[in-house]
Chemist: 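Quick one: the structure is below, questions incoming.
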Amino acid sequence: MPIYNKLVRDRIPEIISNSGSTMSTRILDEEEYRTELRTKLNEETEEYLTAETDDEALEELADVLELLHALAVSHGFTPDQLEEVRMVKAEKRGGFQDRIYLIEVHDA
């Protein structure tokens with residue numbers, strides 16, 4: 001019997017039950033939830049970093065995005081508010097599409 005002790009997606013218990021298995025779960029309090037979201041974000045980021053194909057990378061990026069949305073909500077914001085802040089920052093400072101790599105700055 002494997003022991004996981006980790007945050008899982010909302011439908012995982014249903015999927016496990018439908019497979020004929022049983023499990024034990026509990027609902028996390030807010031502090032535990034945010035801690036586990038951060039842990040899961042690290043896990044999914046590592047999976048993205050080790051993805052070997054573009055398709056695998058896309059799957060892992062979708063997981064990271066889902067976690068970013070959940071983290072925004074855990075801080076009292078909506079995914080739309082997160083996107084608004086991202087867009088404002090992109091407007092002010094740009095994005096990363098131009099692939100600019102800063103080497104050094106010489107003081108004036």
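In what follows, residues are counted from 1 in the order of the sequence shown.
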Chemist: With the threshold set at 4.0 Å, does a side-chain nitrogen-carboxylate oxygen contact exist between Lys40 and Asp63?
Modeler: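 Looking at Lys40 and Asp63, the cut-off is not met.
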Chemist: Quick one: CZ on Arg86 to CD on Glu91, what's the gap to the nearest 0.5 Å?
Modeler: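 If I round to the nearest 0.5 Å, the distance is 11.0 Å.
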Chemist: Roughly how far, to the nearest 0.5 Å, is the CG atom of Asn5 from the OG1 atom of Thr39?
Modeler: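 One gets 12.0 Å once the value is rounded to the nearest 0.5 Å.
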Chemist: Going through the checks in order, is the side chain to side chain contact (heavy atoms under 4.5 Å, CB included) test met by Glu60 and Val64?
Modeler: CA-CA 6 Å; Glu60 299 309 330; Val64 169; 5.6 Å; no
Chemist: To the nearest 0.5 Å, what is the distance between CG on Leu68 and CD on Glu83?
Modeler: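 Spacing of CG (Leu68) from CD (Glu83) equals 11.0 Å.
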Chemist: For the pair Glu44 and Glu66, evaluate side chain to side chain contact (heavy atoms under 4.5 Å, CB included) and give the outcome as yes or no after the intermediate values.
Modeler: CA-CA 10 Å; Glu44 296 299 340; Glu66 187 70 32; over 6 Å; no
Chemist: Between the side chain of Asp29 and the main-chain N/O of Glu31, is any donor-acceptor distance below 3.5 Å?
Modeler: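 Checked: pair present.
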Chemist: Distance check, rounded to the nearest 0.5 Å: Ser74 atom OG versus Glu36 atom CD?
Modeler: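 So the gap between those two atoms works out to 12.5 Å.
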Chemist: What pair of heavy atoms forms the shortest contact from Ala57 to Ala51, and how long is it?
Modeler: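 Taking Ala57 first and Ala51 second, the nearest heavy atoms are N-CB, 3.6 Å.
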Chemist: Just so I know, are the side chains of Asn42 and Glu46 near enough to count as touching, which here means a heavy-atom distance under 4.5 Å?
Modeler: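 SC-SC contact between Asn42 and Glu46 ruled out.
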Chemist: Should Ile12 and Tyr4 be regarded as members of a common hydrophobic cluster, given that ILVMFWY residues are connected when their side-chain heavy atoms come within less than 4.5 Å of each other, either directly or indirectly?
Modeler: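 No: no chain of side-chain contacts under 4.5 Å links Ile12 to Tyr4.
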Chemist: Can you check whether Thr45 reaches Leu49 side chain to side chain, under 4.5 Å on heavy atoms?
Modeler: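 Of all side-chain heavy-atom pairs linking Leu49 with Thr45, at least one is under 4.5 Å.
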Chemist: Give a yes or no on whether Leu41 and Leu65 share a hydrophobic cluster (residues Ile, Leu, Val, Met, Phe, Trp, Tyr; joining criterion: side-chain heavy atoms under 4.5 Å apart).
Modeler: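 No, Leu41 and Leu65 fall in different hydrophobic clusters.
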Chemist: Around Glu56, counting heavy atoms of other residues, nucleotides and ligands shown, do more than 12 lie under 6.0 Å from its CD?
Modeler: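 More than 12 within 6.0 Å, yes.
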Chemist: Looking only at heavy atoms, which two atoms of Ala70 and Tyr33 are closest? And how far apart?
Modeler: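 Minimum heavy-atom separation between Ala70 and Tyr33: CB-OH, 3.7 Å.
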Chemist: Applying the 4.5 Å side-chain criterion to the ILVMFWY set and letting contacts propagate, would Leu37 and Leu28 be lumped into a single cluster?
Modeler: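 Yes, Leu37 connects to Leu28 through the hydrophobic network.
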Chemist: Heavy-atom distance under 4.5 Å between the side chains of His75 and Arg34, does that happen here?
Modeler: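 They are in side-chain contact.
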Chemist: Could you grab the distance from atom CD1 of Ile16 to atom OG1 of Thr25, nearest 0.5 Å is fine?
Modeler: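 Rounded to the nearest 0.5 Å, the CD1-OG1 separation comes out at 9.0 Å.
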Chemist: Can you tell me how far the OG1 atom of Thr53 sits from the CD atom of Glu59, to the nearest 0.5 Å?
Modeler: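 The OG1 atom of Thr53 sits 9.0 Å away from the CD atom of Glu59.
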Chemist: Check for a donor-acceptor pair, side chain of Ser17 on one end and backbone N or O of Glu14 on the other, with a separation under 3.5 Å.
Modeler: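 It does not hold such a pair.
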Chemist: State yes or no: do Tyr48 and Leu58 share one hydrophobic cluster built from I, L, V, M, F, W and Y residues joined by side-chain heavy-atom distances below 4.5 Å, directly or via other members?
Modeler: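 Different clusters.
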Chemist: Using a 3.5 Å distance criterion without hydrogens, assess whether the side chain of Gln81 forms a donor-acceptor pair with backbone atoms of Thr78.
Modeler: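 A pair under 3.5 Å: yes.
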